[in-house]
Visitor: 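Next up is a structure, given as structure tokens.
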Protein chains: 2
Amino acid sequence: MNLSVSEENYIKSIYKLEEGQDSVTTNALAYELDTKPASVTDMAKKLKEKKLIAYEKYQGINLTPEGRKAALQIVRRHRLWECFLVEKLAFSWEEVHELAEELEHVRSEKLTNRLSEFLGNPAIDPHGDPIPDAQGKMGKPRTLTSLHKSQAKRLEVMAVSDKSAALLEFLTAKGIRLGTQLDVIERYAFDNSIEIKIRNQPAFTISEQVSKNIMVKAI
Amino acid sequence: MNLSVSEENYIKSIYKLEEGQDSVTTNALAYELDTKPASVTDMAKKLKEKKLIAYEKYQGINLTPEGRKAALQIVRRHRLWECFLVEKLAFSWEEVHELAEELEHVRSEKLTNRLSEFLGNPAIDPHGDPIPDAQGKMGKPRTLTSLHKSQAKRLEVMAVSDKSAALLEFLTAKGIRLGTQLDVIERYAFDNSIEIKIRNQPAFTISEQVSKNIMVKAI
DNA sequence: ATTATTATTTAGATTTACCTAAATATTATT
DNA sequence: AATAATATTTAGGTAAATCTAAATAATAAT
């Protein structure tokens with residue numbers, strides 16, 4: 001299946017909007033893609049023709065299994081390029097999205113797989129989103145919140161969800177960034193807050209709102 | 001100046017065909033871009049409007065200084081990506097052209113400069129073609145032929161012009177590839193042949209036809 | 001210097017991905 | 001249930017980058 005850049009962008013946006021919702025509306029998709037509802041209807045017909053989406057007029061849009069497969073390939077490429085830009089070219093995690101948006105449209109499986117290998121087959125990108133493997137499978141990211149008491153206590157920050165500027169500000173102030181190593185001192189069950197310690201700085205406590213946005217791996 | 005992918009491809013091809021020739025014909029450009037002469041005429045009018053080419057009907061096409069500047073930026077991106085693919089992702093030098101053809105259209109100066117830095121600001125790509133710097137300047141590649149007797153004799157193969165399959169075959173048979181280190185034993189003025197030696201293998205002689213296609217740097 | 005050949009341009013269509021405005025369907029409100 | 005508000009689709013149009021076929025210009029051959 002050979003998709004145009006535009007078709008790929010639609011597929012990717014449908015994939016994104018489908019999470020949670022059971023189907024994607026014309027208006028939501030138009031807003032997401034910064035286009036007009038009439039254009040979405042046009043494209044919906046074309047993507048239906050190509051069997052990438054299920055679509056009946058006035059009934060909303062869903063990816064077919066093929067469509068989802070295509071979406072995962074695009075997402076894989078996007079997130080791998082984000083990793084490359086941050087890890088190898090020293091871009092900050094805020095500025096990589098636009099560039100990855102362009103690089104993701106270079107459709108070469110060989111390139112994608114070699115890039116993944118070069119990066120050490122990362123499981124999550126710098127925003128904390130999981131990277132699908134060549135088969136389209138991906139794991140849930142491990143957040144600081146999700147780890148159980150029994151698990152490793154010496155951790156490394158792999159990624160941070162960047163939903164809000166306030167969070168990024170807080171993390172910067174506390175000295176938490178990509179690659180930061182930290183120890184979990186204690187977990188408090190009543191509010192799920194966590195006491196952590198970075199190197200030889202004094203320990204401090206972070207709330208669940210914060211810890212659920214910090215992706216880590218044991219080291 | 002914001003160029004479409006198509007406009008960039010025209011500019012790049014005009015740049016390529018302009019070498020040697022004093023102006024580029026409609027037919028030659030159509031052939032190079034695998035399109036029809038009528039399409040070239042259309043685009044020529046548009047690029048003239050944008051002041052990137054000098055064009056009068058039936059008079060052929062030339063880049064303006066602006067057009068040349070744009071071309072050098074595209075060439076820079078193309079060749080940097082070729083370096084990346086070969087050096088970092090272990091592609092062979094024959095297979096990188098198509099991929100670089102796509103990657104070159106991601107127009108971000110920051111990305112380009114960071115990529116260049118990441119690669120150690122290479123002066124030539126794996127095909128032996130020089131890479132323009134951020135200002136569009138580029139040096140002539142140093143071939144094995146072009147080095148004078150007085151210059152360093154321990155050399156490293158940086159690139160190989162891949163004009164013919166026969167040459168590549170010959171080089172492979174002789175054990176000459178990217179990164180190969182060699183010593184120049186002697187130069188024979190009457191036919192410009194060169195006696196070289198690789199590691200502890202026996203020395204052998206190569207003709208000027210061969211040596212002028214091998215780009216080297218002193219080490 | 002005509003004529004033939006080749007190169008180039010023009011005119012008019014086509015495709016993709018958009019758009020606006022109007023029509024129609026769906027959903028929410030009274 | 002009727003009406004108002006919102007969502008979606010249809011109809012028809014536009015710009016970019018192509019194309020084919022026909023017309024015209026430039027060059028080569030007699």
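Chain letters run A, B, ... following the sequence lines, proteins first and then strands; every chain starts at 1.
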Visitor: OP1 or OP2 of dA16(D) sitting under 4.0 Å from any side-chain N/O of Ser4(B)?
Guide: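 Answer is no, no contact under 4.0 Å.
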Visitor: Between P on dA16(D) and CD on Glu49(B), what's the gap in Å once rounded to a whole number?
Guide: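 The distance from CD of Glu49(B) to P of dA16(D) comes to 12 Å, rounded to the nearest Å.
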Visitor: Answer yes or no: does a side-chain N or O of Asn27(B) lie under 4.0 Å from OP1 or OP2 of dT8(C)?
Guide: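 Yes, Asn27(B) has a side-chain N/O under 4.0 Å of OP1/OP2 on dT8(C).
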Visitor: If the cut-off is 4.0 Å, is Thr26(B) near the phosphate of dA7(C), judged by side-chain N/O to OP1 or OP2?
Guide: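 Indeed not, no polar side-chain atom of Thr26(B) lies that close.
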Visitor: Whether Thr25(B) contacts dA7(C) is assessed here as follows: a side-chain N or O lying under 4.0 Å from the phosphate OP1 or OP2. Is that the case?
Guide: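 No, Thr25(B) has no side-chain N/O under 4.0 Å of OP1/OP2 on dA7(C).
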Visitor: Are any of Lys57(B)'s side-chain N or O atoms less than 4.0 Å away from OP1 or OP2 of dT10(C)?
Guide: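 Affirmative; the distance criterion is met.
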Visitor: Within the pair Lys45(A) and dT9(D), is there a side-chain N or O less than 4.0 Å away from OP1 or OP2?
Guide: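 The answer is no; no side-chain N or O of Lys45(A) sits under 4.0 Å from OP1 or OP2.
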Visitor: Please report, rounded to the nearest Å, how far the C1' atom of dT6(D) is from the OH atom of Tyr31(A).
Guide: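 Nearest whole value for this atom pair: 17 Å.
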Visitor: Between Thr41(B) and dT9(C), does any side-chain N or O lie under 4.0 Å from OP1 or OP2?
Guide: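 For dT9(C), OP1 or OP2 has a side-chain N or O of Thr41(B) closer than 4.0 Å.
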Visitor: Send over the distance from Leu29(A) CG to dA7(D) C1', rounded to a whole Å.
Guide: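 Rounded to whole Å, this separation is 14 Å.
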Visitor: OP1 or OP2 of dT18(D) less than 4.0 angstrom from a side-chain nitrogen or oxygen of Ser6(B), does that happen here?
Guide: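 Yes, such a contact exists.
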Visitor: If you draw a 6.0 Å radius around NZ in Lys69(B), do more than 12 non-hydrogen atoms from other residues or ligands fall strictly inside?
Guide: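 Counting neighbours around NZ of Lys69(B), 12 or fewer heavy atoms of other residues, nucleotides or ligands fall under 6.0 Å, so no.
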Visitor: Which nucleotide, if any, forms a Watson-Crick or G-U wobble pair with dT14(D), using both distances under 3.5 Å?
Guide: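 Here dT14(D) is engaged in a pair, and the nucleotide opposite it is dA17(C).
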Visitor: Can any side-chain N or O of Ser116(A) pair as donor or acceptor with the backbone N or O of Thr112(A) at less than 3.5 Å?
Guide: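 A pair under 3.5 Å: no.
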Visitor: Among Arg77(A), Arg79(A), Lys12(A), which residue satisfies the salt bridge (Lys or Arg N to Asp or Glu O under 4.0 Å) criterion with Glu104(A)?
Guide: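 With Glu104(A) as partner, Arg77(A), Arg79(A), Lys12(A) yield a single salt bridge (Lys or Arg N to Asp or Glu O under 4.0 Å), made by Lys12(A).
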Visitor: Round to the nearest Å and state the distance from Lys36(A) atom NZ to dG12(D) atom C1'.
Guide: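 Lys36(A) atom NZ is separated from dG12(D) atom C1' by 17 Å.
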Visitor: Please report, rounded to the nearest Å, how far the P atom of dA15(D) is from the CD atom of Glu7(B).
Guide: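 Checked: the CD to P distance equals 16 Å.
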Visitor: Cation over ring, Lys88(A) on Phe84(B), under 6.0 Å and within 45°?
Guide: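 Because its charged atom misses either the 6.0 Å distance or the 45° angle limit, Lys88(A) does not stack over Phe84(B).
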Visitor: Find which nucleotide of DNA chain C each of Ala28(B) and Thr35(A) is nearest to by heavy atoms, and output the residue with the more 5' nucleotide.
Guide: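 Whichever sits nearer the 5' end wins; that is Ala28(B).
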Visitor: Of the candidate nucleotides dC19(D), dC18(C), dT20(C), which contains the atom at the shortest distance from the side chain of Ala38(A)?
Guide: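 That would be dT20(C).
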Visitor: In terms of side-chain heavy atoms of Asp42(B), which of dC18(C), dT18(D), dA21(D) is nearest?
Guide: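 For Asp42(B), the side-chain atoms sit closest to dT18(D).
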Visitor: Tell me the interatomic distance from Tyr55(B), atom OH, to dA7(C), atom C1', rounded to whole angstroms.
Guide: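 About 11 Å, once rounded to whole Å.
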Visitor: Taking NZ in Lys50(A) as the centre, count heavy atoms belonging to other residues, nucleotides or ligands within less than 6.0 Å. Is the count above 12?
Guide: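 Above 12, so yes.
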Visitor: Gln59(A) has an atom CD; how far is it from atom P of dA25(C), in whole Å?
Guide: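 In whole Å, dA25(C) P and Gln59(A) CD are 13 Å from each other.
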Visitor: Whole angstrom is fine here: how far is it from CD1 in Ile61(B) over to C1' in dT8(C)?
Guide: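 From Ile61(B) CD1 to dT8(C) C1': 11 Å.
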Visitor: Measure up the His97(B) and His127(B) rings against each other and bin them: parallel (under 30°), tilted (30 to 60°), perpendicular (over 60°).
Guide: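 Rings of His97(B) and His127(B): perpendicular, as their planes differ by over 60°.
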Visitor: Just compare dT26(C), dT18(D), dT8(C) and give me whichever is closest to any side-chain atom of Tyr58(A).
Guide: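 That would be dT26(C).
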